[in-house]
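In what follows, a structure is listed as structure tokens, so that the remarks can point back to it.
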Amino acid sequence: MKFYFVVVGILLAVCFVQCVNQNKVTYDLPEAMLPHVKQEYLSRCEKGKILYDMNCAGCHNTKVKGKVVVPDFTPEQLKGYELRITNARHSETLTDTTVTEEELGIIMTFLNYKKKNDSK
Ligand code: HEC
């Protein structure tokens with residue numbers, strides 16, 4: 001009986017860790033970046049992730065084997081303001097009231113520095 005509880009406990013712990021890690025995004029910041037600058041970029045990226053989840057993820061995220069995948073946009077695709085107008089779906093939904101210019105910039109930082117999906 002005691003053994004049973006131990007096994008269930010371990011399973012629950014594993015599930016919990018998996019859940020916590022599932023939505024973790026890691027970042028590829030340039031090697032040469034100074035530690036305090038890195039810190040600043042990391043917090044900007046984290047903020048960007050939250051804004052991205054709120055404003056963009058609904059249309060852009062995909063799910064592969066139950067895992068959420070944020071697309072790897074190219075730098076050319078990520079030119080802040082143009083984003084608003086270059087796609088019909090955007091001009092309807094991404095107005096100044098949904099995301100401000102500043103928020104869009106922060107989202108761009110997140111998308112630029114998040115680790116690419118194919119590099120492990
Ligand atoms: C209403 C749905 C919708 C929302 C919300 C949305 N997008 Fe898009 N987005 C699209 C569609 C549709 C396209 C064009 C097809 C594609 O590339 O997937 C697109 C294209 C893009 C592109 C590629 C542009 C290019 O030059 O090819 C980027 C980058 C992008 N979106 C970023 C964002 C960001 C950042 C947000 C949030 C601030 C956002 N999108 C919110 C629907 C949406």
Side-chain angles (χ1 to χ4, degrees):
M1 199 59 192
K2 212 167 163 190
F3 176 71
Y4 175 76
F5 282 118
V6 171
V7 171
V8 171
I10 290 171
L11 281 178
L12 282 177
V14 169
C15 287
F16 179 72
V17 170
Q18 293 265 319
C19 284
V20 169
N21 282 334
Q22 193 175 31
N23 285 327
K24 263 230 147 81
V25 179
T26 41
Y27 302 102
D28 273 330
L29 294 174
E31 286 281 325
M33 209 178 242
L34 292 171
H36 71 279
V37 181
K38 231 173 212 174
Q39 211 49 50
E40 206 139 290
Y41 265 80
L42 280 180
S43 68
R44 194 172 154 93
C45 283
E46 283 299 312
K47 209 170 152 191
K49 183 185 183 318
I50 295 167
L51 288 167
Y52 171 87
D53 282 342
M54 281 165 41
N55 298 294
C56 326
C59 290
H60 285 290
N61 278 2
T62 47
K63 257 196 171 175
V64 179
K65 294 186 198 137
K67 248 190 126 175
V68 174
V69 178
V70 179
D72 296 330
F73 293 115
T74 64
E76 293 76 45
Q77 286 177 312
L78 294 177
K79 277 190 276 142
Y81 190 73
E82 286 166 41
L83 246 182
R84 259 195 227 281
I85 32 181
T86 43
N87 283 287
R89 297 292 294 277
H90 286 182
S91 52
E92 290 154 22
T93 52
L94 295 182
T95 62
D96 262 319
T97 47
T98 29
V99 271
T100 66
E101 206 55 35
E102 192 193 353
E103 286 170 337
L104 209 51
I106 297 171
I107 295 172
M108 292 305 127
T109 310
F110 159 67
L111 290 172
N112 266 313
Y113 289 107
K114 92 179 174 64
K115 209 174 178 69
K116 299 287 172 280
N117 294 316
D118 48 11
S119 64
K120 274 262 139 58

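Any value given below was found using the heavy atoms of this structure, including those in side chains, with hydrogens, waters and symmetry copies removed. In listed order, ligands and their atoms are each counted from 1. Fair warning: this is a prediction, and the values are worked out from it, not measured in the lab.
- The number of heavy atoms from other shown groups lying within 6.0 Å of CD (Q77) is above 12.
- Taking the six-membered ring wherever Trp is involved, the centroid distance between the rings of F73 and H60 falls below 6.0 Å.
- By the side-chain contact (heavy atoms from CB on, under 4.5 Å) test, T95 is found to be paired with T97, T98, residues two or more places apart in sequence or in another chain being considered.
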task = Give the C-alpha distance, both sets of side-chain angles, the deciding distance and a yes or no for side chain to side chain donor-acceptor pair (under 3.5 Å) between Y27 and E46.
result = CA-CA 10 Å; Y27 302 102; E46 283 299 312; 3.1 Å; yes
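- The side-chain heavy atoms of R84 and E101, taken from C-beta on, include a pair separated by under 4.5 Å.
- L51 and L42 end up in the same hydrophobic cluster when Ile, Leu, Val, Met, Phe, Trp and Tyr side chains are linked at under 4.5 Å.
- The residues lining ligand 1, counting any heavy atom closer than 4.0 Å, are N55, C56, C59, H60, F73, Q77, L78, L83, N87, R89, H90, T93, L94, L104, I107, M108, L111.
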